[in-house]
**Q** 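I'd like to ask some things about the structure below.
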Amino acid sequence: MAKFTVVEHPLIKHKLTIIRDKNTSTKDFREVTNEIAMLMAYEITRDLPLEDVEIETPLTKTTQKQLTGKKLAIVPILRAGLGMVDGILNLVPSARVGHIGLYRDHDTLEAVEYFAKFPTDIHERKLFVVDPMLATGSSANAALDILTNKYNCKPENILFVSLVAAPEGVQAVQARYPEVDIFTAALDERLDENGYILPGLGDAGDRIFGTK
Ligand SMILES: O=P(O)(O)OC[C@H]1O[C@H](OP(=O)(O)OP(=O)(O)O)[C@H](O)[C@@H]1O
Ligand SMILES: O=c1cc[nH]c(=O)[nH]1
Ligand SMILES: [Mg+2]
């Protein structure tokens, strides 16, 4: 079984409280969501490989470390995943970005695909699939199905990164994709009868884009 990590940090907890608050404005919600994603980027990049490099300081030659240049891509699940992209790009600015458009059917809670566009070498890249909400896990699993079945990406090269997860969603992804590492900023209590995370933060897409 791959890793399941709740990224614990006082700054993340504080900022999560801000976005959970129903009185937070669209502008603040969007800004703080990106800030949390940036803080999480520190953790999700922890295992990136390093190699030796010879440099000269003003005083002497020395062997130091640099990233190997292993190719990365961030894959936001539209729409809400877009709210995390800039925050992560702040730390890994050369990462490419692929997009998967999914919406949850309100009655069945099944994810419906409406868009997909990726870098041509997506199957060679380490992927950060990002979506603030992991609720039933239907959208996450649909995104992983698309990447692995249609684009030949390897599950062991994929990290799934959410801000708020429900236990039901984590279990659903782990059951279908045991090789995918999951990172979240919070593991909440449960889903309500409409498939919303409790306590959660509401509809992340609507709150990021001000559509409700
Ligand atoms: O785990 P699940 O039960 O699939 O729920 C999570 C999904 O629901 C939300 O998307 P939504 O369908 O509201 O689309 P949006 O991002 O365009 O608002 C959210 O951003 C996730 O993609
Ligand atoms: O609580 C939830 C569940 C799914 N999607 C959201 O945006 N919020
Ligand atoms: Mg939504």
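Note that the structure is a prediction, hence the values are computed from the model and not measured. Just follow the structure's listing: the first ligand is 1, and inside any ligand the first atom is 1. For the single chain, residues carry numbers from 1 onward in sequence order.
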**Q** With ring-ring contact (aromatic ring centres under 6.0 Å, His included) as the rule and sequence neighbours excluded, what pairs involving residues 150-172 come up?
**A** Phe118-Tyr151
**Q** Decide, yes or no, whether a salt bridge links Asp47 with Lys3 under the criterion of side-chain N to carboxylate O below 4.0 Å.
**A** yes
**Q** Give every pair formed by an N or O atom of ligand 1 and a protein N or O atom closer than 3.5 Å, one pair per line with both atom names and the distance to 0.1 Å, or write none.
**A**
| residue | atom | partner | partner atom | Å |
| --- | --- | --- | --- | --- |
| ligand 1 | 1 (O) | Ala135 | N | 2.9 |
| ligand 1 | 1 (O) | Thr136 | N | 3.0 |
| ligand 1 | 1 (O) | Gly137 | N | 2.9 |
| ligand 1 | 3 (O) | Arg104 | NH1 | 2.7 |
| ligand 1 | 3 (O) | Thr136 | N | 2.9 |
| ligand 1 | 3 (O) | Thr136 | OG1 | 2.6 |
| ligand 1 | 4 (O) | Ser139 | N | 2.9 |
| ligand 1 | 4 (O) | Ser139 | OG | 2.6 |
| ligand 1 | 12 (O) | Arg104 | N | 2.7 |
| ligand 1 | 16 (O) | Arg79 | N | 3.1 |
| ligand 1 | 16 (O) | Ala80 | N | 3.0 |
| ligand 1 | 17 (O) | Arg79 | N | 3.2 |
| ligand 1 | 17 (O) | Arg79 | NE | 2.7 |
| ligand 1 | 18 (O) | Arg79 | NH2 | 2.8 |
| ligand 1 | 20 (O) | Asp131 | OD1 | 3.0 |
| ligand 1 | 22 (O) | Asp131 | OD2 | 2.4 |

**Q** Heavy atoms, side chains only, cut-off 4.5 Å: are Asn34 and Asn90 in contact?
**A** no
**Q** Working note: Leu144 + Val173, criterion side-chain contact (heavy atoms from CB on, under 4.5 Å); need CA distance, chi angles, decisive distance, verdict.
**A** CA-CA 9 Å; Leu144 295 170; Val173 175; 4.0 Å; yes
**Q** In the single-linkage hydrophobic clustering (I, L, V, M, F, W, Y; side-chain heavy atoms under 4.5 Å), do Met40 and Ile158 co-cluster?
**A** no
**Q** Can we say Lys71 and Glu124 salt-bridge, meaning some charged N sits less than 4.0 Å from an Asp/Glu carboxylate O?
**A** yes
**Q** Under a 3.5 Å threshold, I'd like every N/O contact between ligand 2 and protein atoms, with atom names and distance.
**A**
| residue | atom | partner | partner atom | Å |
| --- | --- | --- | --- | --- |
| ligand 2 | 1 (O) | Ile197 | N | 2.8 |
| ligand 2 | 7 (O) | Ala204 | N | 2.8 |
| ligand 2 | 8 (N) | Gly202 | O | 2.8 |

**Q** Only N/O/S atoms count here: what is the atom of Asp203 closest to the Mg ion (ligand 3) called?
**A** OD1
**Q** Does a side-chain N-to-carboxylate-O contact under 4.0 Å join Lys154 and Glu179?
**A** no
**Q** Do Glu31 and Lys15 sit within salt-bridge range, that is, some charged N less than 4.0 Å from a carboxylate O?
**A** no
**Q** Using a strict cut-off of less than 4.0 Å between a Lys/Arg side-chain nitrogen and an Asp/Glu carboxylate oxygen, indicate whether Arg176 and Asp145 qualify as a salt bridge.
**A** yes
**Q** Determine which pairs satisfy side-chain hydrogen bond (donor to acceptor under 3.5 Å, both in side chains) with at least one residue from residues 197-208, sequence neighbours left out, and list them in order.
**A** Arg79-Asp206, Tyr196-Asp203, Asp206-Thr211
